[in-house]
Amino acid sequence: MSKMNLLQAINNALDIAMTKDTNALCFGEDVGHFGGVFRATSKLQEKHGKTRCFNTPLTEQGILGFANGLASQGTTAIAEIQFADYIFPAFDQIVNEAAKFRYRSGNEFNVGGLTIRTPYGGGINGGLYHSQSPEAYFTHTPGLKVVVPRNPEQAKGLLLASIRDPNPVLFFEPKKLYRSSVGEVPDEDYELPLGKADIVREGSDITLLAWGAQVEAIELAADMAAKEGISCEVIDLRSLLPWDRDTVAQSVMKTGRLLINHEAPKTSGFGAEIAAAIQETCFLYLESPIVRVTGLDTPFPLVLEKEYMPDHLKTYEAIKASLAF
Amino acid sequence: MSKMNLLQAINNALDIAMTKDTNALCFGEDVGHFGGVFRATSKLQEKHGKTRCFNTPLTEQGILGFANGLASQGTTAIAEIQFADYIFPAFDQIVNEAAKFRYRSGNEFNVGGLTIRTPYGGGINGGLYHSQSPEAYFTHTPGLKVVVPRNPEQAKGLLLASIRDPNPVLFFEPKKLYRSSVGEVPDEDYELPLGKADIVREGSDITLLAWGAQVEAIELAADMAAKEGISCEVIDLRSLLPWDRDTVAQSVMKTGRLLINHEAPKTSGFGAEIAAAIQETCFLYLESPIVRVTGLDTPFPLVLEKEYMPDHLKTYEAIKASLAF
Amino acid sequence: MSDIHKTDAPIVHRPIFADSTSLTLPTLRILQEDGHLYPDAELPDIDQTLALKIYDTFLFIRALDERMLASQRQGRISFYMTETGEEAADIGSTAALKDNDMIMAQYREQGALAFRGFTPDQFMNQIFSNEKDLGKGRQMPIHYGSHKLHYMTVSSPLATQLPQATGYAYALKAQSKPNCVICYFGEGAASEGDFHAALNMAGVYKVPVIFFCRNNGYAISTPSKEQFAGDGIAPRGVAYGLKTIRVDGNDVLAVLKATQEARKLAVEQHQPVLIEAMTYRLGAHSSSDDPSGYRNKEEEDVWRIKCPVTRMKRWLILQGWWDEEQDETLKQQHRQTVVDAMKKGEKVSPPALDDLFTDVYDSLPWNLEEQKAALEEHIRRYPESYKKSSWRFGHE
Amino acid sequence: MSDIHKTDAPIVHRPIFADSTSLTLPTLRILQEDGHLYPDAELPDIDQTLALKIYDTFLFIRALDERMLASQRQGRISFYMTETGEEAADIGSTAALKDNDMIMAQYREQGALAFRGFTPDQFMNQIFSNEKDLGKGRQMPIHYGSHKLHYMTVSSPLATQLPQATGYAYALKAQSKPNCVICYFGEGAASEGDFHAALNMAGVYKVPVIFFCRNNGYAISTPSKEQFAGDGIAPRGVAYGLKTIRVDGNDVLAVLKATQEARKLAVEQHQPVLIEAMTYRLGAHSSSDDPSGYRNKEEEDVWRIKCPVTRMKRWLILQGWWDEEQDETLKQQHRQTVVDAMKKGEKVSPPALDDLFTDVYDSLPWNLEEQKAALEEHIRRYPESYKKSSWRFGHE
Ligand SMILES: Cc1ncc(C[n+]2csc(CCOP(=O)(O)OP(=O)(O)O)c2C)c(N)n1
Ligand SMILES: Cc1ncc(C[n+]2csc(CCOP(=O)(O)OP(=O)(O)O)c2C)c(N)n1
Ligand SMILES: [Mg+2]
Ligand SMILES: [Mg+2]
């Protein structure tokens, strides 16, 4: 066990992955010598050589096209997109190519060795283009896996599992937590399962569901609610595609209530899918409408970021409203 | 009134828009002299000149970047993407640029004059890349409007409204209906409202909701159900962003049941947003879970397209299941 | 570290604007229309066996394309694309490669695949989307692929294979494989952003890739002069720091020679190469297209007489390696092969329902398991409405 | 109709591969380091008024950049980017334009905006994201924009403004406006697919646009030799059929001259132009960056002595238009202006809550109306937690 922040845990996972799999490459804008603008790939070039950890030219569509090519050859390709806001030029290579590579070829070829890491979310005064949470776009794309860790220990285990999963995986890193989230992380190589939610706290009155940095917000809200005698079950979804409907449904059958929290805008955010699926699965168990506490249906703002965010206070109020329904 | 197919109605709308607004331009791959691979822009170059209706080089990101530039100058820009499956290279110019242009500039600049037309959906033996229905991706993007017409008369009125709406609009054309959907279309210039659903048929037992080519499927299913004495209210959503929640909610409050049908894969399709919102708005009115009859969570197939599609039979079965709940 | 020398490059004190006339890239041609070599031409490495294999592939592809286009018109298949007029480009270049060099094609390079040994049956299985199709009947006709033959499955979105080729080649170099990638694309596809990323990255990483542009004058209805303003595609290679050559795409010996040299540069020196082959799409863009809407017959006729197949045949005859009689026999033979294979392929069953769900992931997640179960149940209820899949249920 | 002549272009019979050495593009330089003109240099159109306006802008920008970087270190603003070392590039080129020519910038071209007349207060309102910011406090510092000054609001995603510039210029030409667009971008951004689309389309449509590349050696930590392999960005212009020129980006007269000529080509002949200005980013990429992690001081020093501001000052003094005393006074004056404006801007209130919701669309759809109402209610409940917006509710 070592104390690590989220960045160090990610760096450590990458280092382990590259050490054990000499076929693993790590690349993106500024990830080489410099170690990435957030330093997630710090020292990897020094340790594993310039051929295995390197800068790319400034082209996200190129990075993902290149990565697909590498992966189709059998290479373990770990691509970084500097900010999730800049993943859109690569959208075609991700949703039309990576996601459909195996299917369209009848499994003659696949890009299962591909992992895309990218920092997402608010919290750094980033405004429209350094704050977005675009995970929902990818959840509408069969063939992809989507993973979001909430802390260093989770990040290491989930990233190692993502890199080794035989399908293309998008790994969204909550950049707000890069340095602020610190915790004990096992030193050894370990994996946490993809597609499995994590029950962070058990409770009986309402289920609170989030992923990434927002797990903190629902935990805080759960604390506030506890003072009012409300018992919240807190779940970190961890994988968004495929997602762990069973765990969520079981929890909702127990509590009778569900609140989903995400940073992305409300309309067609991933909360919509969860609500749609759970109202179907748990129809007779629901005591109040499934509620979504989310970012606003606006671009991500700068000055009024606090107002935009689905914070613990908004969550707490929504919990009370749900209980009072 | 003239009898027109869907293509003719679109061509007619474009012609009227370009005639009345000499600042309107129409462009895309092969749209010039040739009139587009589906011939939607047939004769427009002849009538309005090469400067106003023209071919672009083969680059969707370029087409949309170029279109954004035109619109930011005040020009009415009508861009065609040859198939909706090929809109993804332009994703960045649409979701990061067009959608955020007005907001990020504090309304110093806007691209409200932009309309993106693109044929979508199955029905032409197109397989993975000539059949997709990517509308849901765009519904997660504040700043855009998303419109889908179901027949020639609707197409003309909605397209004219889209072109003239002071916001960027994505106009998805059900290519399966291009020639097969024929109907009486007013000859004059008229607009149908954006953001308003259309109640195609009134009923009392269940609300069926779809858009574009799938309206046909739910109508057929409603016919089948009628024979069993089930009265279906059929709604064409028409606009997906912003969508007409009130009309849908009012219908569901009346019928107590909702079925949503769309071609796109189920997970995070736009049906999810509707289900999430309606279970919240109509919680106490719902007599059975909101059900989604949709495409499968796979890429769009070729040979087994019929099996993939959310056709009238699957819809009919789902109606019966909902009533029997 | 940085490129700081640039402002110390040649200096001028008056503004001179360069333009497309500032760089002239000649076209390599070895074989004359009449089948004679240019006297001073430098020949590719070719013997009778290779020459006849290439020519055999030419004739097979002509037979295949003609027959399949006719089948499309008869409604037996939904879609087809011919490569008529461009056979020297893809077949001549693939003939310069090792069998385990990777081919990443656009869609009009069935000749390269045939050269590699894809059988007539395999072609038919794909075209008829039957259960023997390597692609499991999921993509439209002509989207071939074969792992065994190192031919990447074709993908409809244009130019996406270009940066993939750079990546694949990077992996070959990283693993010290003595191989390269050849990546085919049209002059239309070269307008996509992926083209730019691919060639630029290949230049930076110095990977063993040959970008092979078939400049056939059209992208569907769009003539190349509405596609770009410069002198074609080749000058871009110079700009990206690639080794670049332009060839007469209808001259199989020029194509072969250029690609043989390119392969050496790519594999031995890790110099990425751009080849621009000047050719012409003699047929329609696809079976859905009608070129009379955008070009005239005279133009087509100019190119029809530049037929690469005839040009090669003349050379073969002059070499004493071939005669008209053999030619007629072989053509007849290929026509028969194609018809036989077609009749066979047409009768093979469509893929099973399972194949609707497999290969989305390496295994089925819960949502696909559920959807599959529900679909099976539904089909059992309405077997008449899903005839492609329901007949199998009876036999279980 | 098609480009059928190509195979009849110069023909060779032996394979010769072209590469980046096949095209040499010299660099235009007019002013020597010591402030003297090259004897045979062709001068731009410049008089004392213009020269002093340019130089004044140089000094203003230096003062602004220095002070704002310091403010960022003091924690008064969250982010800043300087253009130190590159002033001649953007200011010199904008000086060649008409005031109503459109500027589409990347982000390191505040000089162009200052030249156009953006006031110190306007700069501060944007940097401090206050309610007087034309952008309504929505974007990070340095994302300026002004409709009145024909300066398109800066967007963070790189290179997106390039095809937009082509579109904007198309509209100018279609409407017979006697104007052009200048589009600034870095050599890093030139790797994006949008660059390719933009220049290619501009070539095809022959629109009045000047693509102005600031090749400053780095894209954050990535040196240009890891960005591209050819001879910089300029050769690409040749490939796209654009009029192309390379200039010493630290020589304001060369930049001015090249851009004046470019404007003529663009506006009078509808010839799109690419200008590559060779320069160097003397400062960090941004206030979040530390260049010591990827380059050494010696390299920076080489460029520090090539300072474009000093070079111009020497020329001005030799012209008899300027002296050191005036220089000191003006510097002092700009520093004061900046400090005053800063103190003022910093005190202006943040934008009101309404501005969180306006401008997503031309008017608020129901979902935003609902979200706004809910948010207002929530803030009233927790005024202490949303201090930037809640104070206004009390005053209603
Ligand atoms: C991204 C994308 N956009 C558009 C299309 C539709 N399309 C298919 S082929 C084609 C023309 C391609 O022309 P070119 O690259 O010159 O190849 P050629 O057909 O001449 O061999 C177009 C526009 C596509 N397949 N992919
Ligand atoms: C699409 C996109 N990808 C990545 C980034 C992050 N980013 C911001 S500036 C920059 C480097 C740009 O370098 P260059 O174009 O050379 O301009 P310079 O900073 O040197 O002026 C990067 C990678 C971005 N803003 N947009
Ligand atoms: Mg072509
Ligand atoms: Mg730079």
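Order of the sequence lines fixes the chain letters, A, B, ..., with proteins taken first and strands second; residue numbering starts at 1 for each chain.
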Would you please say whether a donor-acceptor pair under 3.5 Å links the side chains of Ser155(D) and Arg104(B)? yes

Ignoring hydrogens and angles, state whether a donor on the side chain of Glu108(B) or Thr153(D) is under 3.5 Å from an acceptor on the partner side chain. no

Minimal non-hydrogen separation, Ala197(D) against Gly62(B), with atom names: CB-CA, 3.5 Å

Should Phe101(B) and Asp359(D) be marked as a side-chain contact (heavy atoms from CB on, under 4.5 Å) after you check the CA-CA gap, both sets of side-chain angles, and the distance that decides it? CA-CA 9 Å; Phe101(B) 220 96; Asp359(D) 302 334; over 6 Å; no

Criterion side-chain contact (heavy atoms from CB on, under 4.5 Å) against Ser72(B), the qualifying member of Gln164(D), Gln161(D), His147(D), Met152(D): Met152(D)

Under 4.5 Å from any heavy atom of chain B, what part of Val204(D) do you find: side chain, backbone, both or neither? side chain

Measuring heavy-atom distances to chain D, does Asn107(B) have an atom under 4.5 Å in its side chain, in its backbone, in both, or in neither? both

Is the Tyr170(D) to Phe54(B) ring centre distance short of 6.0 Å? yes

Portion of Gln93(B) that has a non-hydrogen atom of chain D nearer than 4.5 angstrom: side chain

If one checks every heavy atom of Asn23(B) against chain D at 4.5 Å, the contacting part turns out to be side chain

For residues Trp243(B) and Trp366(D), report the shortest heavy-atom separation together with the two atoms involved. O-NE1, 2.6 Å

Is the backbone of Leu144(B) close enough, under 3.5 Å, to the side chain of Tyr361(D) for a donor and an acceptor to pair up by distance? yes

Strictly distance-based, threshold 3.5 Å: is any side-chain N or O of Asn96(B) a donor or acceptor partner for the main-chain N or O of Pro157(D)? no

Non-hydrogen atoms of chain B under 4.5 Å away: do they reach the side chain of Asp133(D), the backbone, both or neither? neither

Per-residue contact mode, Leu199(D) against chain B (heavy atom under 4.5 angstrom): neither

